[in-house]
*Asks:* 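Okay, here's the structure, questions in a sec.
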Amino acid sequence: MADAPKPKEKSKISSARRLGLKIRLLIVAGQMLEVEVEEKKRERDEALAERVPPLKLSGLSVEQLQDLCRDLHHKIDVVDEERYDVGLKVTKNDKEIHDLGLKIIELQSKFKKPNLKRVKISAEAMLSVLLGSKHKETIDFKSNLKTVKKPEEKKEEVTDWRQNVDAMSGMEGRKKMFDA
């Protein structure tokens with residue numbers, strides 16, 4: 001009786017109320033998403049303002065502007081070199097990961113389960129392994145087995161071959177061969 005399936009209970013919330021709740025949830029989720037996007041943008045602007053101070057170009061002579069440009073170009077070159085080095089490391093690691101994946105697939109396809117070998121173990125040894133120190137008495141399993149006697153094969157008696165040839169000669173002998 002406990003395993004009998006229960007009838008499907010009716011929902012306590014009407015479909016109109018459920019739809020209204022879904023709409024409200026979507027509106028709140030949209031508002032939260034907008035706030036999150038604005039927050040990320042604000043954090044990005046703060047990080048950039050912290051790392052890259054604004055340039056003060058007013059009141060600088062031509063030589064000072066040229067020095068500033070050279071300094072900026074040098075910084076750009078350093079950042080590009082770092083970006084290039086990181087890109088090379090990433091591509092090298094991706095290649096290694098791909099190669100290791102291929103090796104794994106190759107090893108899995110080549111691996112064959114070895115054939116298990118039959119191990120001959122006596123009943124006493126098996127019981128001692130299974131029971132451990134509890135095993136004290138000896139059991140003779142062979143005495144409990146049924147004995148099956150094989151019927152002995154009938155051996156033909158060895159007779160003198162000359163008698164056999166005389167008996168088989170003529171039509172009587174051929175008839176005996178077909179009858180047998």
*Asks:* Enter the distance from L102:CG to E106:CD here, rounded to the nearest 0.5 Å.
*Replies:* 8.5 Å
*Asks:* Check this for me: does any side-chain nitrogen of one of R42 and E38 sit under 4.0 Å from a carboxylate oxygen of the other?
*Replies:* no
*Asks:* What distance do I105 atom CD1 and L100 atom CG have between them, rounded to the nearest 0.5 Å?
*Replies:* 11.5 Å
*Asks:* Distance from H73 atom NE2 to Q66 atom CD, nearest 0.5 Å?
*Replies:* 11.0 Å
*Asks:* Output the distance between atom SG (C69) and atom CG (D67), rounded to the nearest 0.5 Å.
*Replies:* 9.0 Å
*Asks:* Just how far is it from atom CD of E82 to atom CG of D77, taken to the nearest 0.5 Å?
*Replies:* 11.5 Å
*Asks:* To the nearest 0.5 Å, tell me how far I76 CD1 sits from R83 CZ.
*Replies:* 11.5 Å
*Asks:* Compare all side-chain heavy atoms of V78 with those of H74 and state whether any distance is below 4.5 angstrom.
*Replies:* yes
*Asks:* Tell me whether L72 is reachable from L65 by hopping between hydrophobic residues (I, L, V, M, F, W, Y) whose side-chain heavy atoms are closer than 4.5 Å.
*Replies:* yes
*Asks:* For the CD atom on E46, are there more than 12 heavy atoms of other groups (residues, nucleotides or ligands in this structure) within a distance under 6.0 Å?
*Replies:* yes
*Asks:* Test of understanding: clusters of I, L, V, M, F, W, Y form through side-chain heavy atoms closer than 4.5 Å, transitively. Do I27 and L19 belong to the same one?
*Replies:* yes
*Asks:* For E50, look at atom CD and say whether over 12 heavy atoms of other residues, nucleotides or ligands are found less than 6.0 Å away.
*Replies:* no
*Asks:* Check K95 with D99, please: is the shortest side-chain N to carboxylate O separation under 4.0 Å?
*Replies:* yes
